[in-house]
Amino acid sequence: MRKKQFKAESKKLLDMMINSIYTHKEIFLRELISNASDATDKLYFKSLTNTDISASRDELKIRIDIDKENRTLTISDRGVGMTEKELESNLGTIAKSDSLNFKKENEGDENIENIEVIGQFGVGFYSSFMVADKVEVVSKALGEEGAFKWLSEGVDGYTVEPCEKEERGTAVTLYIKESNENEDYDKYLEQGTIQSLVKKYSDYIRYPIVMEMTSQVPDPEKEGEYITEINDEILNSQVPLWRKNKNEITEEEYNNFYKQKFYDYTDPMTVIHSKTEGQATFDALMFIPQNAPMDFYSKDYEKGLQLYSNGVLIMDKCSDLLPDYFSFVKGLVDSADLTLNISREVLQHDRQLKIIAKAIDKKLKSELTKLLKNDREKYEKFFSTFGVQLKWGVYSDYGMNKDGLKDLLLFKSSNGGYVTLKEYRDRMADSQNDIYYACGDSEEKIALLPQCETVKEKGLEVLYFTDDVDEFAVQMLMEYDGKHFVNVQKEEFDLSTDAEKEATKKKNEDSKELLEKMKSFLTGEVTDVKFTNKLGSHAVSLAAEGYLSMEMAKVFSQMPGAGDNMKANLVLEINSAHPIAEKLASSDDEKLEKYTKILYSQARLIAGLPIDNPTEFSDTICELM
């Protein structure tokens, strides 16, 4: 018997297969099971078109056998098998895919639609050499009398010779490597490891995957004692939950699936189960959790949906399927349309993937819109947990996502509770030209702002922005239904009548010398000091002029390397109708300086900003008292 050599390019590829292409060695089991499933599919297909071929239920299964003593792991099927020529053709030339050829040859046959050919690259078989020193393939083809054995120890070549095999089908036997200090190969001879790998990668192969399992059961003859039983057990679920009709699945089944699959101890808040057909055909089963994962806001958190191809797990977290603003969504997508790379561990970034991602994004927005409309209480609970992500979604990518997300946003309001932008817009008076908002650490603190109090006294509603991203998000939105967003803490904001504005202007002109002195006492702190009539009963407040608001500057100040150029231009506003205005006008320069600094510190505290020297502030007040 002469050993045959792999072709030169195949030898090079085999070396790459063993050392480079696959990230995880455990993938070999997924590949071999997928090949066995394909062989069984081919038999099933042939039985549909040829009544002489039997495909009984007992035949349509895949078997795994462990022999610890001889260090072998065998995966066998009762599929179509391979002839001597097919063994040489399929296993002697790497990247030659018989499954792909089979699918191409039967295009147009209506029965082929029911066949889920998984292994279409012809390289997965060689992943066996990542864990095995030697691989033996014994196969008997459908309709053939004799069987043949293919044997190889890797890149040095292979042999093919006749052998004995009673049943049709293929048995792949791996002679598992010895463990070393760098790699534990013994685990691939353990029932528990094989069982968990089948569950992880091949749980939804449509045929039963059977293996002998050892278990301890109560001894029927001796109370309190146990005996060892060895029985064949089916390791896989076979029918994926997401491929069943929604009306056949109970809420409990969804909840149990989610908790087991994604390791959560609480039921999901919402389940989204859909089947999409058209440009891309795929099943999706997604869940919105009740709570954010423990590591959600850490750099270690990985977003993504599990990706299956015909029920076989390809990627545990495919980040390309979810935008960042939906990174909290858990779930999976199963599609046969994707173009996979040679190892099936990494997707080629093709058109189909983008189509699926776009469809998922649209579906999630649609389902959240329904939740907002039909179950406001649940939606508000969702938004309190994950709403910041949606706001960042509006802000990110230069507002590319704003149209799809703006109606999902909620903000706290001076009217009480959460409000959508549409609800705010619908409540606006015809004479109101803008959407008003104010920023702060909490609703309670914002409500006490002098500018807010004045707006509310006029019967107008104010949105309370308490998240760092809020103002950035609305700046990116720019407007909603023709109404622009206006920060009531900006210097240019003024709801006064023309007569009131004229009176304030005259007051500032008459007090020009006084205000210039006060400004000089605050050099580098404010860009101007002004009298105003916007503060109601309050004596003083800070306003920002220009694009950068106080809240935005506060956010930037927390970023490393932001620098002084990211400071807001502050204006100290003093209530012209307050007794303090007369006190300032009658003070000498020494007292005026002290009054000015006290008023500035008070204004900073009201605005939620820190004061540089609290001790000086306290001492000055005590001195004046």
Side-chain angles (χ1 to χ4, degrees), residues 414 436 438-440 444-460 462 486-523 525-545 549-550 568-611 613-614 616-625:
S414 58
Y436 303 125
C439 306
E444 294 75 19
K445 289 182 179 180
I446 297 173
L448 295 174
L449 290 172
Q451 298 95 327
C452 248
E453 206 167 291
T454 304
V455 175
K456 290 187 291 182
E457 283 175 358
K458 294 182 180 292
L460 301 173
V462 183
V486 172
N487 186 342
V488 301
Q489 294 161 281
K490 285 294 197 74
E491 188 274 335
E492 58 266 29
F493 173 73
D494 194 349
L495 295 178
S496 305
T497 63
D498 290 342
E500 289 171 333
K501 290 176 183 176
E502 190 60 36
T504 300
K505 181 181 178 182
K506 188 174 187 310
K507 175 73 173 176
N508 280 306
E509 289 173 352
D510 294 344
S511 308
K512 186 175 182 180
E513 186 179 347
L514 171 69
L515 296 172
E516 285 295 331
K517 277 186 184 179
M518 295 179 71
K519 181 180 174 182
S520 70
F521 298 143
L522 298 173
T523 301
E525 299 292 336
V526 300
T527 56
D528 210 351
V529 179
K530 292 181 179 180
F531 283 113
T532 184
N533 63 356
K534 299 186 295 184
L535 304 182
S537 61
H538 299 279
V540 67
S541 183
L542 278 179
E545 63 177 359
S549 71
M550 285 183 280
N569 294 323
L570 300 180
V571 176
L572 180 63
E573 295 186 328
I574 301 163
N575 190 344
S576 59
H578 196 280
I580 195 68
E582 293 181 18
K583 188 73 172 176
L584 292 171
S586 61
S587 300
D588 58 38
D589 287 356
E590 184 181 351
K591 277 197 172 179
L592 181 64
E593 182 175 1
K594 291 178 180 178
Y595 287 147
T596 300
K597 289 183 176 179
I598 287 174
L599 289 172
Y600 176 62
S601 294
Q602 288 176 327
R604 286 187 68 88
L605 291 173
I606 291 169
L609 299 173
I611 54 178
N613 195 335
E616 181 188 32
F617 174 61
S618 176
D619 289 346
T620 305
I621 290 177
C622 290
E623 181 187 336
L624 290 172
M625 288 174 67

Applying side chain to side chain donor-acceptor pair (under 3.5 Å), can you list everything that pairs with [X], at least two apart in sequence or on another chain?
| X | value |
| --- | --- |
| K490 | none |
| H538 | E453 |
| D528 | none |
| E545 | T527 |

Spacing of [atom1] belonging to [X] relative to [atom2] belonging to [Y], to within rounding of 0.5 Å:
| X | Y | atom1 | atom2 | value |
| --- | --- | --- | --- | --- |
| F531 | D510 | CZ | CG | 10.5 Å |
| S587 | K583 | OG | NZ | 6.0 Å |
| I574 | L572 | CD1 | CG | 5.0 Å |
| S586 | L592 | OG | CG | 9.5 Å |
| I606 | L449 | CD1 | CG | 8.5 Å |
| F617 | Q602 | CZ | CD | 5.0 Å |

Could you tell me whether the side chain of [X] and the main chain of [Y] form a donor-acceptor pair under 3.5 Å?
| X | Y | answer |
| --- | --- | --- |
| Q451 | L542 | yes |
| S511 | N508 | no |
| T497 | E500 | yes |
| T454 | K534 | yes |
| Q489 | C439 | yes |
| S576 | T532 | yes |
| S601 | I598 | no |

For this session: With sequence neighbours excluded, give me every ring-ring contact (aromatic ring centres under 6.0 Å, His included) pair touching residues 487-510.
Result: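 Of all non-adjacent pairs touching residues 487-510, those that pass ring-ring contact (aromatic ring centres under 6.0 Å, His included) are Y436-F493.
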Problem set entry | Pairs where residues 593-602 contributes a residue and the test salt bridge (Lys or Arg N to Asp or Glu O under 4.0 Å) is met, not counting sequence neighbours |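 Residue pairs with at least one partner in residues 593-602: E590-K594, E593-K597, K594-E623.
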Just wondering, do [Y] and [X] contact through their side chains at under 4.5 Å, heavy atoms?
| X | Y | value |
| --- | --- | --- |
| I611 | E616 | no |
| V488 | L495 | no |
| Y600 | V529 | no |
| L570 | E525 | no |
| I446 | C452 | yes |

Looking at every non-hydrogen atom in both residues, tell me the closest pair between [X] and [Y] and how far apart they are.
| X | Y | value |
| --- | --- | --- |
| N575 | G536 | ND2-O, 2.7 Å |
| A544 | A568 | CB-CB, 4.4 Å |
| L535 | E573 | CD1-O, 3.7 Å |
| S541 | A603 | C-CB, 3.8 Å |

For this session: Check the surroundings of atom NZ in K456: do more than 12 heavy atoms from other residues, nucleotides or ligands lie under 6.0 Å from it?
Result: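 Buried by this count: over 12 neighbours within 6.0 Å.
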